[in-house]
Amino acid sequence: MSKTRTSQAKPSGRLLYAQSGGVTAVINATAAGVIEAARAKGVPVYAAHNGILGALREELIDTGKETKAAIAALRHTPGGAFGSCRYKLKSLDANRAEYERLIDVFRAHDIRWFLYNGGNDSADTALKISQLGKAMNYDIRCIGVPKTVDNDLAVTDCCPGFGSVAKYTAVSTLEASLDVASMADTSTKVFILEVMGRHAGWIAAAAGLAGEGADAPPHIILFPERPFDEAAFLAKVKATVERVGWCTVVASEGLLNAEGQFLAEAGTRDAFGHSQLGGVAPVLAALVKEKLGYKYHWALPDYLQRSARHLASKTDAEQAYAVGKAAVDFAMAGMNAVMPVIVRTSDAPYRWKIEAAPLSKIANREKKMPASFLTRDGFGITTAARRYLGPLIQGEAPPPYGKNGLPQYATLKNSMVARKLEPFAR
Ligand code: F6P
């Protein structure tokens, strides 16, 4: 933990909050935690439009114009209320102009605290900004705030956003399996669900919570941590269909072949250099049809899984709010270059607390599934994995529904702050 300013004097200046990377069902709960905690301390909050890009472009939203009720409604509203982005800052040496621009924007609007809400790439951006104060002689504190459905951030026990996608995945696996089972005799025998998780199989693992025992779905889980073994996969599908009558497979989008290549790569890359994934389910389905002849269905929930606020985990929603609030507490305590992380103190009953961890231990690192969480054949999850995953999907926190039968999500004014600088030409 790095702590460089501990003065208890009344905070002066503004706090800038920004959302980054792929959004989640509960990232706005974190925003609510930040804004409500800052309001309670009398600290005005601006939000950057579209993450760090909003800071560079001086596109700042005055959250002070939002009502208390609108901010409270963020707790149950999916998506990123202020806009998010995938954008990686280069090093100070490689692009000093960008950092100078950030400091100009911070100075022009008296921004003294910057809270960046994202995953491991965003923690890298937060770390770089946390080092700016010294390098550019401007007093700015930066706190990274955790978020990612992929659950692959280092240090923290889990990542806000994951518990909800985990619940959606486990519930969907269970429900679709009931459907498949009911018609397998004369119709579909194999159902394949593809889930997110670029390099780590946490979301795929969560599907395993749908059932326990050899005959319960999902019968096969395919993780990015284990290279795809076609022969073993087909043998297990066949044995399951012959024994159970049908087979549910859950595959991670990040599934790799023996050569370490993605089975399904769309051919495009994002600003971080990550391949766009999606489409492993149809590849597997074609294989099943060609080699085993079974009728199949496959599903790719894609953004449905990470935006499914109606099926959010209450535990996840609470943790998302808590990290936002803690980030404000840390910032006001003078901390810099840290992230509030979730520390598990007990599995059953599930207990957790929040602590500060250095961003340098989180930025650019990826936490994969430990080997002890995968069964020996690599197609399922162990008791240890169930012990870890189970608490994260506990509880329901449905949004309020309106007379039209739809959830009542927050609608913000997103009132832009008047610009004080010339546009930034990159
Ligand atoms: O943020 C994580 C994630 O949801 C991954 O699981 C997925 O591969 C990726 O984002 C999709 O990113 P994008 O929406 O930018 O295509």
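Numbers here are sequence positions counted from 1. Read the numbers this way: they start at 1 and go in the same order the structure lists the ligands and their atoms.
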- request: Just jot down the side-chain hydrogen bond (donor to acceptor under 3.5 Å, both in side chains) partners of Tyr138, sequence neighbours excluded, or say none.
  value: none

statement: Met196 heavy atoms within 4.0 Å reach ligand 1 at atoms 4 (O), 6 (O)

task: State whether the shortest distance between N or O atoms of Thr148 and N or O atoms of ligand 1 falls below 3.5 angstrom.
output: no

Euclidean distance, Tyr17 OH relative to Ile61 CD1, rounded to 0.5 Å: 11.0 Å

- request: Assess Arg112 against Phe106: is NZ or CZ under 6.0 Å from the centre of the six-membered ring, and within 45 degrees of the ring's axis?
  value: no

query: If we only count N/O pairs under 3.5 Å, is Gly197 in contact with ligand 1?
result: yes

- prompt: CG of Leu153 to CD1 of Ile362: how many Å apart, nearest 0.5 Å?
  reply: 7.0 Å

query: Gly22 heavy atoms, cut-off 4.0 Å: which ligand 1 atoms fall inside?
result: 1 (O)

- prompt: Which class fits the ring pair Phe373 and Trp202: parallel under 30°, tilted 30 to 60°, perpendicular over 60°?
  reply: perpendicular

Per atom 2 (C) of ligand 1, closest listed option by heavy atom (Asn151, Asp150, Thr24): Asp150

statement: Per-atom filter on ligand 1: closer than 4.0 angstrom to a heavy atom of Val149 are 4 (O)

Phe233 and Phe228: CA distance, side-chain angles, deciding distance, ring pair (Phe, Tyr, Trp, His ring centres under 6.0 Å) verdict: CA-CA 8 Å; Phe233 167 70; Phe228 181 59; 5.3 Å; yes

statement: Logged contact type for Ile203 with ligand 1, heavy-atom cut-off 4.0 Å, is neither

field: CA sep, side-chain torsions, deciding dist, call: Tyr294, Tyr296, ring pair (Phe, Tyr, Trp, His ring centres under 6.0 Å)
entry: CA-CA 6 Å; Tyr294 296 138; Tyr296 62 79; over 10 Å; no

task: Enumerate the atoms of ligand 1 whose separation from the nearest heavy atom of Tyr303 is less than 4.0 angstrom.
output: 13 (P), 14 (O), 16 (O)

message: Does ligand 1 come near enough to Lys147 that some N or O of the ligand is less than 3.5 Å from an N or O of the residue?
response: no

- request: Could you list the residues that satisfy side-chain hydrogen bond (donor to acceptor under 3.5 Å, both in side chains) with Asp150, not counting sequence neighbours?
  value: none

Candidate with minimal heavy-atom separation from atom 8 (O) of ligand 1, of His199, Arg306, Glu253: Glu253

- prompt: Can you list the atoms of ligand 1 that are under 4.0 Å from a heavy atom of Arg198?
  reply: 9 (C), 10 (O)

